[in-house]
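Structure first, then comments.
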Amino acid sequence: VAPIPTFFSLKFILDGCENNSQRKILIKKIIGSCGCLKLNYKKENIFPHEESSIEVLFSSGSDVGYYKKDIYVYFEKNEVVTLSFFVRVI
């Protein structure tokens, strides 16, 4: 008898993302490395020394294994920051 697949989902918030620069910044868009990531954020100016957050929902479906996922944060002036996380689904 084959094991019954389970659905795995992980939700976390990248909180306290502080703007350490001397100018306001704007997150233009955020893209995940695959369709298994759902991202939620406020598209607003972040002034110097203010914080913002990104809500991340990762769903592996019934797949198990090791995963590396990337989140690409696009700012004005074509600046991009890559955030990566690793997860093991057993």
Side-chain angles (χ1 to χ4, degrees):
V1 174
I4 299 171
T6 57
F7 184 81
F8 176 78
S9 163
L10 171 69
K11 179 179 179 181
F12 61 93
I13 296 177
L14 300 172
D15 202 12
C17 301
E18 183 178 347
N19 175 3
N20 292 323
S21 74
Q22 297 302 313
R23 62 180 173 86
K24 70 179 180 180
I25 59 173
L26 174 67
I27 297 175
K28 291 172 57 177
K29 64 182 174 179
I30 299 178
I31 299 176
S33 57
C34 72
C36 65
L37 296 174
K38 303 292 183 224
L39 308 166
N40 188 18
Y41 66 99
K42 292 181 183 176
K43 190 173 182 179
E44 62 186 8
N45 286 316
I46 306 167
F47 291 92
H49 309 292
E50 286 189 351
E51 295 182 353
S52 187
S53 62
I54 302 168
E55 183 180 273
V56 180
L57 177 65
F58 165 71
S59 298
S60 70
S62 60
D63 296 334
V64 296
Y66 291 92
Y67 298 94
K68 175 187 178 278
K69 299 298 174 185
D70 297 312
I71 301 165
Y72 307 102
V73 182
Y74 292 83
F75 297 95
E76 53 198 345
K77 299 183 182 180
N78 297 321
E79 299 167 314
V80 181
V81 172
T82 302
L83 307 172
S84 299
F85 70 95
F86 299 85
V87 64
R88 179 182 176 199
V89 180
I90 53 175

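As a basis for the values below, the full set of heavy atoms in this structure was taken, side chains included, without hydrogen atoms, waters or symmetry mates.
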For this session: Go through the steps for Y72 and I30 under the test side chain to side chain contact (heavy atoms under 4.5 Å, CB included), then give the verdict.
Result: CA-CA 6 Å; Y72 307 102; I30 299 178; over 6 Å; no
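A 4.5 Å side-chain heavy-atom check between V81 and F75 finds at least one atom pair inside the cut-off. With a 4.5 Å cut-off on side-chain heavy atoms, V73 and V80 do not count as touching. The shortest distance between side-chain heavy atoms of K69 and C36 falls below 4.5 Å. The shortest side-chain heavy-atom distance between T82 and I71 does not fall under the 4.5 Å cut-off. Residues N40 and I54 form no side-chain contact, since every pair of their non-hydrogen atoms from C-beta on lies 4.5 Å or further apart. Residues L37 and L57 are not in side-chain contact: their nearest non-hydrogen atoms beyond the backbone lie 4.5 Å or more apart. Between V64 and I90, the closest side-chain pair of non-hydrogen atoms is not below 4.5 Å. Residues I25 and E76 have side chains in contact (heavy-atom distance under 4.5 Å, counting atoms from C-beta outward).
Residues L83 and Y74 do not share a hydrophobic cluster, defined by chaining ILVMFWY side chains whose heavy atoms lie under 4.5 Å apart.
Salt bridge absent: E44 and K24 never bring a charged side-chain N and a carboxylate O closer than 4.0 Å. Contact check on K42 versus E51 returns no salt bridge, with no Lys/Arg side-chain nitrogen under 4.0 Å from an Asp/Glu carboxylate oxygen.
Put simply, CD on E18 and NE2 on H49 are 7.0 Å apart, with the number rounded to the nearest 0.5 Å.
No donor-acceptor pair closer than 3.5 Å links the side chain of D70 to the backbone N or O of S33. Side-chain atoms of N45 never come within 3.5 Å of backbone atoms of F47 as a donor-acceptor pair (strictly under, hydrogens ignored).
Considering all non-hydrogen atoms of both residues, K43 and L26 come closest at C-CD1, 4.2 Å. When every heavy atom of K28 is checked against every heavy atom of Y41, the shortest pair comes out as O-OH, 3.6 Å. Here the closest non-hydrogen pair linking I46 and S52 is CD1-CB, 3.5 Å. Between R23 and S21 the shortest heavy-atom distance is O-OG, 2.8 Å. Contact record, N19 with P48: ND2-N, 3.5 Å, taken as the closest heavy-atom pair.
Not less than 6.0 angstrom separates the ring centroid of F85 from the ring centroid of Y67.
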